Structure formats: C-alpha cells, structure tokens
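FYI, the numbering just counts along the sequence from 1. For the numbers below, each heavy atom of this structure counts, side chains included, while hydrogens, waters and symmetry mates do not. Since the model is a prediction, treat every value here as computed from it, not as a measurement.
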Amino acid sequence: MRQAGIYSAILPGGVSGKAGPHSFPLARIKKIMKKSGDDVKMISGEAPIVLSKACELFVEEITRKAWMMTMQGKRRILHKEDVASAVIATDIYDFLVNMVSDDHSANSEHEGLSTTPAAIMDLER
C-alpha cells in the first residue's frame, strides 16, 4: 500500500482525489500536465493536487488585484477589463499580457482606468 506524502494534506481528501472539494478537476490538471511536453510520461498522484492548490491561489490573487481596479472605477461588478488591467499592471503576469491586451486597450481608455503600477500600489494601501 502506498503511503501518503507530505502534499496529501494540502487539500481535503488526500492523494486519492475522490473525497473532498477540489477547486479544479484533478483529472483535467493531469491531462494538461501530460500535454505539456513529450518528456512528461508519469505523474504522481500528489502533483495535480499541488497544482490545483497553486491554481486556486493564483485565481485568488489575480481576483484581488482585479477587484482593486473595479473599486478604482467606482463599480461593484468585476469585469474582464478589470482582470486585464490587473494583468497589465503587474510584472509577474507579463506572460498573460498578450492574451488580455487586445480587449483592454479600447476599454480602459473609455472607462478612464489607470493601470499604472503606482495606481495599483495606491489602491493596495
């Protein structure tokens, strides 16, 4: 019988993935991991659990930054433009800029949102 590893306690349900609420489907994560390269053949049961938690934390962080954009626009509904503004204003999200920049350029000028890092830092205080 296989012994649970150190990451099995990250999400309820342990390594099996059969019990407990997972934010992201572990089978889907494993499929994406296998498609990431020809070299990836075997994936432990714990690796998708760790990535599921990482995805959850990523979504929470980017949502917080996007919500600051929503508040800056004096609105109560978070829009995709807010997510785009958060991505563009945060250096660590540079890998996503091409994905969000097309829709963002026209909408941010229309709404008068400031996506400069200084504007976001002011909102975080």
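- The aromatic rings of Phe58 and Phe95 sit tilted relative to each other, their planes meeting at an angle between 30° and 60°.
- With a 4.5 Å cut-off on side-chain heavy atoms, Thr70 and Ile77 do not count as touching.
- Remark: Leu96 CG to Ile88 CD1 distance equals 10.5 Å, nearest 0.5 Å.
- Remark: Asp94 CG is packed, more than 12 non-hydrogen atoms of other residues, nucleotides or ligands lying under 6.0 Å away.
- For the side-chain contact (heavy atoms from CB on, under 4.5 Å) with Ile29, the qualifying choice from Leu51, Ile49, Val50 is Leu51, the only one to do so.
- Interatomic distance, CE of Met69 versus CD of Glu81, reported as 12.5 Å (0.5 Å rounding).
- Within the 4.5 Å cutoff, side-chain heavy atoms of Val59 are placed close to those of Phe24.
- Remark: Ile92 pairs with Glu61, Thr90 by the side chain to side chain contact (heavy atoms under 4.5 Å, CB included) rule, at least two apart or across chains.
- Taken from NZ in Lys65 to OG in Ser85, the straight-line distance is 13.0 Å, to the nearest 0.5 Å.
- The two residues Leu78 and Val83 have their closest heavy-atom pair at CD2-CG2, 3.7 Å.
- The shortest heavy-atom contact between Ala86 and Ala66 is CB-N, 3.7 Å.
- One finds a salt bridge joining Arg75 and Asp82 here, because a Lys/Arg side-chain nitrogen approaches an Asp/Glu carboxylate oxygen to under 4.0 Å.
- The shortest side-chain heavy-atom distance between Glu56 and Lys53 falls under the 4.5 Å cut-off.
- Partners of Ile43 according to the side chain to side chain contact (heavy atoms under 4.5 Å, CB included) rule, which considers only residues two or more places apart in sequence or in another chain, are Lys30, Met33, Lys34, Val40, Ala47, Pro48.
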